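Residue numbers begin at 1 in each chain, while the letters A, B, ... track the order of the sequences. A quick note: this is a predicted structure, and the numbers were derived from the prediction, not measured.
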Protein chains: 4
Amino acid sequence: MPARPAVLSIRKAPRQRRSAHTVEAILEAAALVLEADGLEGFNTNAVARRAGASIGTLYQYFPSKDALTLALLQREEGAYREAAAAAAALPDWREALVTFIHVSARQQLERPNLARLLDQEEGRPDIRAALDKGHSFIVLMDGILERAGRSDSKLAAADLLAIIRGMTDAAGERGERDPDNLAHRINAAVLGYLNLLI
Amino acid sequence: MPARPAVLSIRKAPRQRRSAHTVEAILEAAALVLEADGLEGFNTNAVARRAGASIGTLYQYFPSKDALTLALLQREEGAYREAAAAAAALPDWREALVTFIHVSARQQLERPNLARLLDQEEGRPDIRAALDKGHSFIVLMDGILERAGRSDSKLAAADLLAIIRGMTDAAGERGERDPDNLAHRINAAVLGYLNLLI
Amino acid sequence: MPARPAVLSIRKAPRQRRSAHTVEAILEAAALVLEADGLEGFNTNAVARRAGASIGTLYQYFPSKDALTLALLQREEGAYREAAAAAAALPDWREALVTFIHVSARQQLERPNLARLLDQEEGRPDIRAALDKGHSFIVLMDGILERAGRSDSKLAAADLLAIIRGMTDAAGERGERDPDNLAHRINAAVLGYLNLLI
Amino acid sequence: MPARPAVLSIRKAPRQRRSAHTVEAILEAAALVLEADGLEGFNTNAVARRAGASIGTLYQYFPSKDALTLALLQREEGAYREAAAAAAALPDWREALVTFIHVSARQQLERPNLARLLDQEEGRPDIRAALDKGHSFIVLMDGILERAGRSDSKLAAADLLAIIRGMTDAAGERGERDPDNLAHRINAAVLGYLNLLI
DNA sequence: TATGAATGAGTGTTCATTCAT
DNA sequence: AATGAATGAACACTCATTCAT
């Protein structure tokens with residue numbers, strides 16, 4: 001029951017230990033290439049070379065460049081997504097919000113260039129379509145805001161995510177390293193937004 | 001001694017009226033292609049075709065694709081930059097800030113897809129290096145915040161611009177059309193940031 | 001009003017004399033490669049090389065390999081198709097049939113390997129779909145047989161074309177050179193078919 | 001001293017029953033892939049997958065793709081070849097000829113797509129060279145025609161086989177199912193050829 | 001000055017074949 | 001004997017850029 005088109009899912013599940021290692025090496029190589037050379041230098045041959053694998057091996061596991069990008073996206077966001085979901089599930093909505101922001105700041109400053117470029121890739125139509133909409137961050141944020149009793153929760157959720165993403169991207173780009181400080185500043189903007197907007 | 005590498009500056013200043021018209025046609029074609037087909041479809045041959053010019057003509061005015069991108073960036077931001085500078089020059093810093101935000105919201109919703117894609121291009125190292133740092137928006141914002149008596153004006157300016165850019169990009173992408181409403185929401189976040197952060 | 005999908009039609013009509021020459025050179029190179037190396041060696045890079053053109057030039061005129069194949073098919077069959085139509089239009093159906101066969105034999109022995117390989121390509125679904133069904137040879141043959149008063153004209157037309165194609169292909173492959181002799185033998189089979197089958 | 005190059009012969013004669021079964025599974029998988037996906041989809045990995053074997057196993061029995069193709073060709077033609085030889089051995093040459101044709105029609109309509117594609121593969125130089133000339137159908141047909149007292153037996157044999165192959169290929173491609181009817185029509189052409197050509 | 005034909009390095013992708021396990 | 005991971009040459013196709021006309 002493939003939830004997304006076959007061409008974007010991983011081509012074969014690695015059965016041997018060697019395979020799992022190769023897949024991991026390719027994904028990490030993709031991350032490194034993206035960080036080092038940006039979207040411009042992000043091509044499958046470069047990734048394979050960096051992974052110490054052949055181009056054929058890459059394509060045994062990822063049926064297309066988009067599938068590779070998607071897999072990297074999911075790998076990078078996996079832990080983030082879980083932590084964000086856990087934050088959103090906290091009983092007190094204020095605590096949920098603050099924790100969500102903190103988690104976001106920490107994630108972004110981990111590998112800032114990678115996160116920023118993946119954010120960009122996430123905007124591409126093909127990738128977008130393949131992402132699991134049900135679990136996206138906006139749903140989490142919307143849940144928090146509904147519990148806060150906001151009638152404009154959908155719009156506010158979109159705005160708050162835009163603030164978070166905008167500020168974390170910029171901070172990462174500038175080379176900031178302290179997630180606590182960044183989270184503190186995001187909190188100010190977010191709480192201001194919620195308080196001042198009725 | 002040119003302030004930026006020759007290969008990114010416009011190749012020749014159009015002297016005749018016909019030339020000026022051609023340059024303008026190419027720039028507008030670049031904008032249209034970018035809006036219609038995204039970064040994926042943005043190539044010099046497509047731009048020339050859309051402009052009704054030959055590829056050779058395009059290269060007579062723009063020595064490289066990056067130079068074309070840069071020129072478009074500057075054309076699109078020209079009016080915005082002036083309006084933003086005027087806003088920043090208002091005597092009352094609060095009024096300056098609110099006006100700056102309003103100007104930004106209006107600019108972004110004018111041609112949202114174009115603005116968003118150009119924002120992305122602006123992030124590329126080559127383009128970035130060629131942009132005139134002296135006149136960038138951060139200087140304007142920093143000026144406003146200094147007059148507001150903030151000691152952290154540099155960092156706050158960066159944060160506020162990130163908020164503005166993040167929210168306007170997302171709003172444009174969602175298809176919002178009303179700059180007043182958008183500006184209102186941005187104000188809340190920005191003022192909250194300034195009030196809550198001592 | 002493109003009767004067939006754009007991706008299979010020629011990409012641009014050559015405007016300058018140089019272009020027309022290039023297109024012709026590429027088509028002839030395609031024919032030569034096909035004759036020399038068969039379908040196995042028929043790739044766009046080889047064709048371009050043989051034409052003394054770059055691969056980019058090839059793709060300026062033919063948007064895909066299939067489009068090139070199709071254009072070659074049409075070039076090779078152009079004169080044949082006209083001659084066959086003229087034959088089929090002869091008042092006496094017997095004369096029409098005999099002339100049709102003669103024309104077919106001559107065409108096939110002209111460049112036998114090329115004709116045979118193009119016959120094969122003609123069978124591929126993509127190519128087939130793009131070919132103009134209205135003018136295909138079976139329609140011509142069907143017309144002749146209807147005038148001969150046959151009630152089974154559709155089936156008979158298919159059979160006779162199969163006989164003609166089968167015999168001409170084999171003759172060409174064996175290196176036969178005399179179209180008159182070949183046509184004579186085809187006539188025997190075809191007339192036998194028509195006489196003996198009621 | 002092998003009659004054909006080692007690389008095209010089967011790699012090892014299957015000694016154990018399991019091996020024989022594997023070889024058969026691979027050959028049938030090759031047939032199925034060819035029928036389902038055509039020459040375009042006919043690749044060794046797909047065949048192995050369909051056979052439920054690994055690619056390594058395939059290469060243990062068939063040293064190359066061509067060897068696999070050749071083996072399939074021989075498997076498919078095995079029964080046909082025997083039946084055709086039996087037909088050709090009938091005392092009355094007319095009966096031999098008619099039976100030969102009937103056998104051919106039946107064979108072709110059995111698995112029409114497979115037969116047609118294998119006919120095509122049979123035309124490739126490499127495959128051709130490896131086929132055992134001594135037992136080919138043309139020898140059988142030549143024998144029949146010699147007994148019919150024809151001096152042009154070699155040429156006539158080639159022509160008649162071309163007629164038979166052309167008509168059966170086309171009939172199979174059109175989806176015909178009745179070998180009797182097809183054989184009847186082929187008879188007409190063949191007898192016409194023999195009668196009319198002195 | 002304008003044109004557009006030509007270029008060719010580069011990119012995504014396939015697939016026959018090998019070989020360590 | 002069987003497996004399947006790995007290889008890399010080969011191919012279709014794109015697009016920024018040049019230059020003869």
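- By the 4.5 Å heavy-atom criterion applied to side chains, A/Leu114 and A/Leu72 are counted as neighbours.
- Note that CD of A/Glu121 and CG of A/Leu34 are 7.0 Å apart. Values are rounded to the nearest 0.5 Å.
- Look at C/Thr44 and you'll find a side-chain N or O under 4.0 angstrom from OP1 or OP2 of F/dA12.
- Remark: the backbone N or O of A/Gly123 is paired with a side-chain donor or acceptor of A/Arg128 at under 3.5 angstrom.
- Both A/Tyr59 and C/Leu58 lie close to DNA chain E; mapped to their nearest nucleotides by heavy-atom distance, the more 5′-ward contact belongs to C/Leu58.
- Going from atom CD of C/Gln60 over to atom P of F/dA16 covers 13 Å, rounded to whole Å.
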Structure string for DNA chain E in dot-bracket form, Watson-Crick and G-U at under 3.5 Å, | interchain: .||||||||||||||||||||

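- Side-chain contact between C/Asp37 and C/Phe42: absent, with no pair of heavy atoms (C-beta onward) separated by less than 4.5 Å.
- Between C/Phe42 atom CZ and F/dA12 atom P there is a gap of 9 Å when expressed in whole angstrom units.
- Taking 4.0 angstrom as the limit, D/Tyr61 places a side-chain polar atom (N or O) nearer than this to OP1 or OP2 of F/dA2.
- Note that CG of D/Asp119 and CD of C/Gln120 are 10.0 Å apart. Values are rounded to the nearest 0.5 Å.
- With rounding to whole Å, C/Asn43 atom CG is found 15 Å from E/dC15 atom P.
- Interatomic distance, OG1 of D/Thr44 versus CG of D/Leu68, reported as 8.5 Å (0.5 Å rounding).
- To the nearest 0.5 Å, atoms CZ (C/Arg75) and CG (C/Leu70) are separated by 13.5 Å.
- In the set E/dA6, F/dA6, F/dA12, the nucleotide with an atom closest to the side chain of C/Thr57 is E/dA6.
- To the nearest 0.5 Å, atom CD of residue B/Glu122 and atom CD1 of residue B/Ile127 are 9.0 Å apart.
- Atom pair D/Glu40:CD and E/dC15:C1' shows a separation of 14 Å (rounding to whole Å applied).
- How far OG1 of B/Thr69 is from CG of B/Leu117: 11.0 Å, rounded to the nearest 0.5 Å.
- The heavy-atom pair separating B/Ser64 from B/Tyr59 by the smallest distance is CA-CE2, 4.0 Å.
- A heavy atom lying under 4.0 Å from DNA chain E marks the following residues of residues 45-56 of chain C, by number: C/Ala53, C/Ser54, C/Ile55, C/Gly56.
- Residues from residues 24-39 of chain C placing a heavy atom under 4.0 Å of any atom in DNA chain F do not occur.
- For the pair C/Leu68 CG and F/dC11 C1', the computed distance is 14 Å after rounding to whole Å.
- Residues D/Ile26 and D/Arg50 have side chains not in contact (no heavy-atom distance under 4.5 Å, counting atoms from C-beta outward).
- Side-chain N/O atoms of A/Thr22 include none lying less than 4.0 angstrom from OP1 or OP2 on F/dA5.
- Between the NZ atom of C/Lys65 and the P atom of F/dT14 there is a distance of 15 Å, given to the nearest Å.
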